[in-house]
Amino acid sequence: MQEASVINYKETLNLPQTAFKMKAGAATREVEIETHWDEAKVYETLMTSRNKAQKFVLHDGPPYLSSDKIHIGTALNKILKDVVTRYKSQQGFYTPYVPGYDGHGLPIENAVVKNIKGGRHAISEVELRKRCREFALANLKGQETNFKRLGVWGHWEKPYITIDAEFEATQIKVFGKLYEKGFVYKGLKPVYWCPTCETALADAEVEYGDHASHSIYVKFPVKNVDKTPLEAQFKTLLTDASLVIWTTTPWTLPANLALAINPEFTYHLVKSRWGKLLVAEKLLPAFAKVVMTPEELAEYELIGSTDDFEAIAEFEGRELEGLITRHPFIDRESPVLMGEHVTLDAGTGIVHTAPGHGMEDYLVVQQYNREQFKDNPLPILSPLDNSGKFTEEALVPELLGVPYHLGNPMVLEILRAQQALLHDSKFTHSYPHCWRCHKPVIYRATEQWFIDIEQFRPDSLKAIDTVQWLPERGRNRIFNMVEGRGDWCLSRQRVWGVPIPIFYYEDNREVLITPEIIAHLYELFKVHSSDIWWAQSAEELLAGLPENLKVQYGLGQRKLIKEMDIMDVWFDSGITHTAVVDARKDELGELPVELYLEGSDQHRGWFQSSLLTSVMLYNKAPYKSVLTHGFVLDESGRKMSKSLGNVVDPNSVIKEYGADVLRLWVASVDYTNDVRIGKNTLHQMAEVYKKVRNTVRFILGNLYDFDPAQHSVPYAELSMLDRYTLHRLQHILGNITDAFEQWEFNRYCHEIQYLCMADLSALYFDVTKDILYCDAANAPRRRAVQTVLYALLQTILPVLVPVTPHLAEDIWLSLPEAQKTKVDGVAPVSATLLPWPQPNAQYVNAELAQQFETLLSVKEAVNQALEGPRSEGKIGKSLEAQVILLPEAVAVSDLLGQLTPSEQEVLFNVSAVSVATAPPDVTPFDWHTRVAGNEVAVYAMPAIHAKCVRCWKSDAAVGKMPGHPEICERCHQAVE
RNA sequence: GGGCCAUUAGCUCAGUUGGCUAGAGCGCACCCCUGAUAAGGGUGAGGUCCCGUGUUCGAGUCACGGAUGGCCCA
């Protein structure tokens, strides 16, 4: 006895041993792992070895380089892409990922201008562009570092950037091709214009501030009623009536070309001292108060009409379509158009429409010009020069040369003279001002280059239906947009971009653009980038053309000037299918590529610009499928904003939890809708990460003495529980694979979680610990469990790769060589090179699974029963208990009979199990508990035999072992 | 203001063609263990399925209306 107690039995156990740390230490460990990937050239090696395999190309949409930081939304996007390419790569595809960046555009230009002392005109355009380029490239470095730290793999050595000389050259070529095909035309479109700075302004460059404007009501007499759908009597009523408009910009009246009416509103024709007037019913009272004298108001109230006026007739807005009015002071017709944009907020419900001076006016006129006015379109009239002075086009001689704002009182005079002015007052409202000079800006139509959508709209719509849109609703979204969109305005009055490669003869503004010139510019741009457009004059740019062409174009005789507008950045990124994919055909294959994956806002943006340009060039969509994700909101579903203080910064998440936790979050949410993130969410993901990590750690720790080549146990010799666990593994592998194929990563997350928490930690590991630790190292049933653990590892490790590549690598690097999966006979340098596990049909056993469902419900009953003695302090851990089972169904007793007593003890994790056929006499135990249900009754009580000090199980043999009086027979064998 | 979408336990998600006493994992509470140990096990409490109104024998599931939030437009 004395002798025995000297023995430290703990040292005779097979306790877990592993160098794999419980804590990730992600902040440093992940960086080490990324360094390993870089040094081992993992991505490059894979690409080289796979270049014969079937391609799966996910083409990256380029983020803006206006900052070196990345947002959580960008992180979501890049991680999703990475999960996709990693998974597909494991499935054996050749999956190149070329990261892209959008380096042109206003945000960059403005950010640079902000830092120029003395404003943008203090430096040359060439210099400004140089700084923009430097700024963009510096930001690229920053973003790249951030993307790589997310664990995103790809062709970082050679990303694509829209400011690359070659990219820009291709863009010139593409523009030339579209011009040649007749898709490009020059038109007029209103833009914000600052007459003081004499420049166009982007939306982002106007600031709103108070401004005192006129508020005037003007009569437009009816000229022609023939084309209205009205009955004759109503036509007659209208012939000598007038429509009343309200405007705050009298100076735009010379540019009036139409009136707009809302087809849904009701309009009243009323008598007044100005004759018969037409005004929206709902606005009549307000209109009356403004334009009538108190006496008149009183009089009308006496008349007792429903409104302040005496209504003669009422019309639905739509009945007035086709009505033609006369301009109050210019000999011109002003037709009535139907417009949904007409509101009842203010005015008369009839809107003065000057398409050259307002965006909504422009759009409604464009709409009519495409349809009803196709044969006789309205012009986009904008009779002001660059400095805001009236031109001849205004058709009012006294306004010629007058600045627009001084034109206001003059127009009022003219209206008065024509007796067309019903009312004039001043009022203050919010009005756009120039961000630089802070003076009010105007809308002014300028010449711009457009793409004529009509020519290929039907083809585009057809192309949309060749694409798989995920989620499906995306199809309708983009279809409706393309179906209803207007022409694409390509021109931007900026500096930082690719120029519209057009020359004009200075004498008559005739356009010069030919395939030869485009080819020449292509070569120039390829060498010098688009910078050369600003560095050289038109003559210099064309100096290299062959002599015969120079003669043909009249160079040297007629002076040429360059177009100075640049292209819309959506055109830049829209043609990446050509400037990137087609240009790297060897690497990226033929168009269309497999997948575009962006936020759902890109239905209007990149998906569309890519589609339209691709249809124009190739008459097909550039992608086979389009997958979209929603936006990232805070934990309560609000948009993130600095002012709310609810912004989640990906870098701080990585610092606190590591990139894999962030990636796990990405995988856990249903990204097809908007997703939420916050402290709580991240903390929870960290818990999941830890659980997975510890599950693997348990496996590694218990495989320290296992060599699969020597110790593996054949399937037939595995216990029922072992085989069930393999079945579960297989089942979950199937679900996971299916989830990845559908891009439903949240299902993957749930499956992995369930496997680790329920199947393994709470069940298999918990009950096999006794075997692993206490059996002799080489005991068959211990080797069997290790065989299962090894099978688990071989499947779990590779499936961790797409979402948590750092974790997978960390595991891989701590594996002994003998346990590493071999690919072509060699263990790969990185876990990320492991193939996706193949399903193993041998492990699938539906019958066994069904049987186990029942056994597990018995286990559940046992657990419930054990709570009885435990709550009374009679037992602690389950091993201190024994149970008597009384099956209430034949199936249950049959099943229990299939397990040996020792297997029963293992499954229920107790010291003894007996299966009774009749209720036992439990009187000696006043602490028994019986749990009904589960088709079994369970009687739980403390084990009666002495406890083995080695394995902590109570057993009748304790005390009978020679030389080891404190241990049981199994332990005795293990020790001896 | 228009188009599209979402809303099931504190969190992340399941809920097939209407049959649910609405599930899972986490988190939480309580208990146990101390040989996976800044780990592990067990039990349990949590839900007017956003709100109305319909259709139906029966609605988380279908229809209509509304609220809130999001994206895109105006």
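Just so we're on the same page: letters track the sequence lines, and every chain starts at 1. Model, not experiment: these values are computed from the prediction.
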Undergrad: Which listed nucleotide (B/A38, B/G41, B/C5) is nearest to the side chain of A/K23?
TA: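 Within the option list, the nearest is B/A38.
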Undergrad: Among the nucleotides B/A24, B/C11, B/A36, which one has an atom lying closest to any side-chain atom of A/Q684?
TA: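 Per side-chain heavy atoms of A/Q684, the pick is B/C11.
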Undergrad: Rounding to the closest angstrom, what is the interatomic distance between B/G41 and B/G25 at atom P?
TA: 12 Å
Undergrad: The criterion is side chain to side chain donor-acceptor pair (under 3.5 Å); which residues satisfy it with A/D759, sequence neighbours excluded?
TA: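 Applying side chain to side chain donor-acceptor pair (under 3.5 Å) to A/D759 gives A/R728.
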Undergrad: Is any side-chain N or O of A/Y754 closer than 4.0 Å to OP1 or OP2 of B/C13?
TA: no
Undergrad: If a pair means Watson-Crick or G-U wobble with both distances below 3.5 Å, what does RNA chain B look like in dot-bracket form, with | marking bases paired to a different strand?
TA: (((((((..((((.....[...)))).(((((.......))))).....(((((..]....)))))))))))).
Undergrad: Choosing from B/C13, B/A36, B/C72, which nucleotide comes nearest the side chain of A/H750?
TA: B/C13
Undergrad: Using a strict cut-off of less than 4.0 Å between a Lys/Arg side-chain nitrogen and an Asp/Glu carboxylate oxygen, indicate whether A/K690 and A/E687 qualify as a salt bridge.
TA: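 A salt bridge links A/K690 with A/E687.
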Undergrad: Between A/N702, A/D705, A/T768, which is the residue that forms a side-chain hydrogen bond (donor to acceptor under 3.5 Å, both in side chains) with A/Q786?
TA: A/D705
Undergrad: One thing to verify: whether A/D660 and A/R693 come together as a salt bridge, which I'm taking to mean a side-chain N less than 4.0 angstrom from a carboxylate O.
TA: no
Undergrad: Heavy atoms under 4.0 Å, any strand shown: does A/M481 hit a base, just sugar-phosphate, or nothing?
TA: sugar-phosphate
Undergrad: Give the nucleotide from the list B/C13, B/G35, B/G42 with an atom nearest to the side chain of A/V669.
TA: B/C13
Undergrad: Could you tell me whether A/V949 contacts a base, only the sugar-phosphate backbone, or nothing, with contacts defined as non-hydrogen atoms closer than 4.0 Å?
TA: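 Base contact - A/V949 has a heavy atom under 4.0 Å of at least one base atom.
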Undergrad: Just compare B/A6, B/G70, B/U43 and give me whichever is closest to any side-chain atom of A/F631.
TA: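 Looking only at heavy atoms from C-beta outward on A/F631, the closest nucleotide is B/G70.
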Undergrad: Of the nucleotides B/A36, B/G70, B/G35, which one has an atom closest to the side chain of A/N694?
TA: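 Closest nucleotide to the A/N694 side chain: B/A36.
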Undergrad: Just checking A/E635: base, sugar-phosphate only, or nothing, at a heavy-atom cut-off of under 4.0 Å?
TA: nothing
Undergrad: Centroid distance below 5.5 Å plus an interplanar angle below 30 degrees: do A/W952 and B/G35 meet both conditions?
TA: yes
Undergrad: I'd like to know if A/D601 and A/R604 make a salt bridge, using a cut-off of under 4.0 Å between side-chain N and carboxylate O.
TA: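 No, no charged N to carboxylate O under 4.0 Å.
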Undergrad: Out of B/C11, B/G70, B/G41, which nucleotide sits closest to the side chain of A/L633?
TA: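 For the A/L633 side chain, the nearest candidate turns out to be B/G70.
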Undergrad: For A/V936, which of A/V862, A/T854, A/V858 qualifies under side chain to side chain contact (heavy atoms under 4.5 Å, CB included)?
TA: A/V858
Undergrad: Side chain of A/D670 only, heavy atoms from C-beta on: which candidate in B/U12, B/G35, B/C13 is closest?
TA: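 Between B/U12, B/G35, B/C13, the one nearest the side chain of A/D670 would be B/C13.
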Undergrad: Below 3.5 Å, does any donor atom in the side chain of A/T18 face an acceptor in the base of B/A36, or the other way round?
TA: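 Between B/A36 and A/T18, which were checked side chain against base, a qualifying N/O pair under 3.5 Å is absent.
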Undergrad: Please work out if A/C749 contacts a base, only the sugar-phosphate, or nothing of the nucleic acid, heavy-atom cut-off 4.0 Å.
TA: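 Nothing: the residue A/C749, judged by heavy atoms under 4.0 Å, touches no strand.
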Undergrad: Please determine, for the side chain of A/K10, which listed nucleotide (B/C71, B/G41, B/G35) has the closest atom?
TA: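 That would be B/G35.
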Undergrad: Looking for any heavy atom pair under 4.0 Å, which part of the strands does A/G876 touch: base, sugar-phosphate only, or nothing?
TA: sugar-phosphate
Undergrad: Nearest to the A/M22 side chain among B/G41, B/A36, B/C26, which nucleotide is it?
TA: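 So the side chain of A/M22 is nearest to B/A36.
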Undergrad: Looking at every strand, decide which applies to A/R485 at a 4.0 Å heavy-atom threshold: base, sugar-phosphate, or nothing.
TA: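 Since no nucleic acid heavy atom lies under 4.0 Å of A/R485, the category is nothing.
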Undergrad: Using a 4.0 Å heavy-atom cut-off, does A/K769 contact any base of the nucleic acid, only the sugar-phosphate backbone, or nothing at all?
TA: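 Base, at least one base atom sits under 4.0 Å.
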Undergrad: Checking understanding here: a glycosidic angle within 90° of 0 is syn, the rest anti, so what is B/G46?
TA: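 B/G46: syn glycosidic orientation.
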Undergrad: Applying a 4.0 Å non-hydrogen cut-off, can you work out what A/S668 is touching in the nucleic acid: base, sugar-phosphate, or nothing?
TA: sugar-phosphate
Undergrad: Please check: side-chain N/O of A/E635 versus main-chain N/O of A/T681, any donor-acceptor pairing under 3.5 Å?
TA: yes
Undergrad: With heavy atoms under 4.0 Å as the rule, sort A/R747 into base, sugar-phosphate or nothing.
TA: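 The answer is nothing, as A/R747 stays clear of every strand by at least 4.0 Å.
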Undergrad: Are the charged groups of A/R781 and A/D722 less than 4.0 angstrom apart, N to O?
TA: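 Here A/R781 does not pair with A/D722 in a salt bridge, since their nearest N and O are not under 4.0 Å apart.
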Undergrad: Which part of the nucleic acid does A/S761 contact within heavy-atom distance under 4.0 Å: base, sugar-phosphate only, or nothing?
TA: base
Undergrad: Atom CD of A/Q608 to atom C1' of B/C72: distance rounded to whole Å?
TA: 11 Å
Undergrad: Looking at A/D634 and A/V647, would you say the former's side chain and the latter's main chain have a donor-acceptor pair under 3.5 Å?
TA: no
